Every structure is written in structure tokens, then in C-alpha cells.
Student: 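This is the structure, below, for whatever I ask next.
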Amino acid sequence: MNAGRPRAAVLFDFGGTLDAPGRPWKERLFALYRGEGVAVTGEEFDPVFYRADDALVGTIPATLSFRDTVHRLVGGVSAGLGVTDDALTARVATRFVDDARDAVAASTPVLSGLARRYRLGLVSNFYGNLENVCDDLGLRALFGAIVDSARVGCVKPDPRIFRRALDEVGVGPGDATFVGDSRPRDMVGARDAGIRHIWLVAGPAQPAPCCPGDRVVRSLGELGEWL
């Protein structure tokens, strides 16, 4: 690295990337409800989830914990599905939180290793309390920037939210790589901001990359090979 040149950065999505690599919140919650015997199709579940998700944006305290955030979201989903069994709702939320904490714990050593070599940042479509959630999960100290869409007034794939993170970590787009699980939000947004991007996917399928030369990985542990 040239003297005086800023250290390169790696920017990450949060949900579906750090807390369950390649599996977004909607997909995980759908599986948990189905596992509890709730008879709902994916087509029925999707709009219910999005309504509950949208209802939290900018309406919850910045100090709300990860656990309480998930429980509020799941409460909204259960209401939308007509689920009246409070114990079932609590089980879904608790299982989601426990699984996410396990995934974050598995991700943390990889992130810690990357933090010794790169500036790290988060760029997430979230509810306004992502910094506190990262504190809860023991991630806050690893990231030089945590950009929460509800706090900055724009959402992925808007390139402005990516540029905000670049400004906060102090690098240009040519010195950054973005890692996320969503093609339309993460890959397209990073591309439009001029940032190299790596798509994190789950499962055995091998999707076509967003752009020629892009990388598709199945775990954060693979990143060292491509950064």
C-alpha cells in the first residue's frame, strides 16, 4: 500500500449478511412460522412481513435492543397473519434472536480479522436503532461507520447511502468493497455507487453474479480469498 494512501474499506449489510449469512429476515421468519404449523404461503407472508417491517421504521427508540426489536417485528407479523397464540409468537421471536446471536458469534472472528486489515462499515436498511443493536451484539467496536437508513433518510439501493458510509470511513469508492445478501438492494446499490461488490448467498445454487467479474460467496470466511 502506498504511503499516505487511506486503508481500504469493506462495507457490509447487516440483516441476512452478518446475522445469518445469505438468509434475509423475511425468509427466516417465514420458515419459523411454518415450523410452528402456521399455514401460510410465501405469497401470503411477504406483504404481511413488509407491512410489519415498514411500521417499525423511524418509530422505535434509538435505544431499543435487538431482542425487543425482533419481538416488536414478530408481534406485528403475527397480528397481520391473524396468529393469536402469544406463546407461539414468543417462540418465533426467541428462536430468531437465538439463531441470529449464534450467527453473529460465528461471524465475529472473521470480522475481527478483517478489521485489522481494513476499515469496516455497515450500510443497512434498518429502523433507526442499528447502532444500539450492534452494541447488543458486540459488534459496535469493529465498525468505523454504521449507516442506518432511518437515520440518514435514504435507503438501499440509493447510492447516497453507500456514499455516506464511504465518507464516514474516509475512502473513495475505488478503495471499498461491499458485501451483502440482496441483489436488488446491495449489489445494485453498490454498483451504482462505483463500489466493488461481493454477493453472499445461501444454499447450493450458483446464481449469476451481478456484474462480470463479481464474486459470489457462501460464507464470510471466503472473503479473505477475494479481498
Side-chain angles (χ1 to χ4, degrees), residues 12-104 122-137 139 146-158 161 180-189 200-203 205 207:
F12 292 88
D13 172 51
F14 173 71
T17 298
L18 301 187
D19 66 346
R23 297 193 65 211
W25 285 29
K26 177 172 66 69
E27 176 185 314
R28 286 143 59 196
L29 283 174
F30 175 64
L32 289 171
Y33 276 100
R34 293 280 294 178
E36 288 286 347
V38 177
V40 59
T41 66
E43 292 77 10
E44 294 165 337
F45 186 83
D46 288 2
V48 170
F49 172 85
Y50 288 127
R51 283 194 295 271
D53 185 61
D54 289 345
L56 296 188
V57 176
T59 67
I60 60 177
T63 56
L64 196 68
S65 69
F66 179 63
R67 177 191 177 279
D68 289 345
T69 301
V70 171
H71 276 260
R72 287 202 192 188
L73 174 63
V74 174
V77 172
S78 283
L81 294 175
V83 172
T84 58
D85 184 341
D86 291 343
L88 184 155
T89 297
R91 286 195 302 272
V92 168
T94 298
R95 176 66 182 276
F96 186 97
V97 170
D98 290 347
D99 289 349
R101 286 189 177 278
D102 288 346
V104 168
L122 276 181
V123 183
S124 179
N125 289 349
F126 213 70
Y127 308 119
N129 65 325
L130 184 58
E131 287 193 19
N132 197 64
V133 163
C134 288
D135 276 332
D136 279 352
L137 297 173
L139 295 173
I146 295 179
V147 182
D148 181 328
S149 61
R151 304 294 294 274
V152 300
C154 52
V155 301
K156 295 183 292 186
D158 190 327
I161 194 170
D181 69 295
S182 169
R183 181 171 185 145
R185 291 185 298 276
D186 297 328
M187 301 299 98
V188 170
L200 178 64
V201 300

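Residues: numbered from 1 along the sequence shown. As the structure is a prediction and not an experimental result, all values here were calculated from the model.
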Student: Side-chain contact test, heavy atoms from C-beta onward, threshold under 4.5 Å: evaluate it for V92 versus V38 and give yes or no.
Tutor: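 Not in contact.
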Student: From L73 CG over to K26 NZ, what is the distance, rounded to the nearest 0.5 angstrom?
Tutor: 12.5 Å
Student: Drop me the distance from C134's SG to L122's CG, to the nearest 0.5 angstrom.
Tutor: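 Result: 5.0 Å between the selected atoms.
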Student: Between F30 and F45, what is the ring plane arrangement, given parallel below 30°, perpendicular above 60°, and tilted in between?
Tutor: tilted
Student: How far apart are the closest heavy atoms of G22 and A202, and which atoms are they?
Tutor: O-CB, 3.6 Å
Student: Name the residue from D186, D148, D181 that meets the salt bridge (Lys or Arg N to Asp or Glu O under 4.0 Å) definition with K156.
Tutor: D186
Student: Considering only heavy atoms from C-beta outward, does the side chain of D85 approach that of E36 to under 4.5 Å?
Tutor: no
Student: Rounded at 0.5 Å granularity, tell me how far CG in L18 sits from CG in L139.
Tutor: 6.5 Å
Student: Flag yes if more than 12 heavy atoms outside R91 fall under 6.0 Å of its CZ atom; otherwise flag no.
Tutor: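 It does: R91 CZ has more than 12 such atoms within range.
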Student: Which atom pair, heavy atoms only, marks the closest approach of S124 to I161?
Tutor: O-CD1, 4.2 Å
Student: Is any side-chain heavy atom of V70 closer than 4.5 Å to a side-chain heavy atom of R67?
Tutor: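 No, too far: nothing below the 4.5 Å cut-off.
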Student: Enter the distance from R72:CZ to L64:CG here, rounded to the nearest 0.5 Å.
Tutor: 5.0 Å
Student: What pair of heavy atoms forms the shortest contact from E44 to A39, and how long is it?
Tutor: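 Closest approach of E44 to A39, heavy atoms only: OE1-O, 4.3 Å.
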Student: To the nearest 0.5 angstrom, please state how far the CZ atom of R34 sits from the CG atom of L29.
Tutor: 14.5 Å
Student: Please give me the minimum heavy-atom distance between F126 and V133, naming the atom from each residue.
Tutor: CE2-CG2, 3.9 Å
Student: Which heavy atom in G16 sits nearest to a heavy atom in R28, and how many Å separate them?
Tutor: N-NH1, 3.7 Å
Student: Parallel, tilted or perpendicular: which describes the rings of W25 and F66, with under 30° parallel and over 60° perpendicular?
Tutor: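 Rings of W25 and F66: perpendicular, over 60°.
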Student: For the side chain of E27 and the backbone of P24, is there at least one donor-acceptor N/O pair under 3.5 Å apart?
Tutor: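 No, E27 side chain to P24 backbone: no donor-acceptor pair under 3.5 Å.
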Student: Check this for me: does any side-chain nitrogen of one of D99 and R23 sit under 4.0 Å from a carboxylate oxygen of the other?
Tutor: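 No, no charged N to carboxylate O under 4.0 Å.
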Student: Distance check, rounded to the nearest 0.5 Å: D158 atom CG versus S149 atom OG?
Tutor: 10.5 Å
Student: Provide the closest heavy-atom pair for T17 versus G180 in the form atom of the first, atom of the second, distance.
Tutor: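 T17 and G180 have their closest heavy atoms at OG1-CA, 3.5 Å.
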Student: Counting distance only, does the side-chain N/O of R101 pair as donor-acceptor with the main-chain N or O of L137 below 3.5 Å?
Tutor: no
Student: Pick out which of T59, T69, D53 makes a side chain to side chain donor-acceptor pair (under 3.5 Å) with Y127.
Tutor: D53
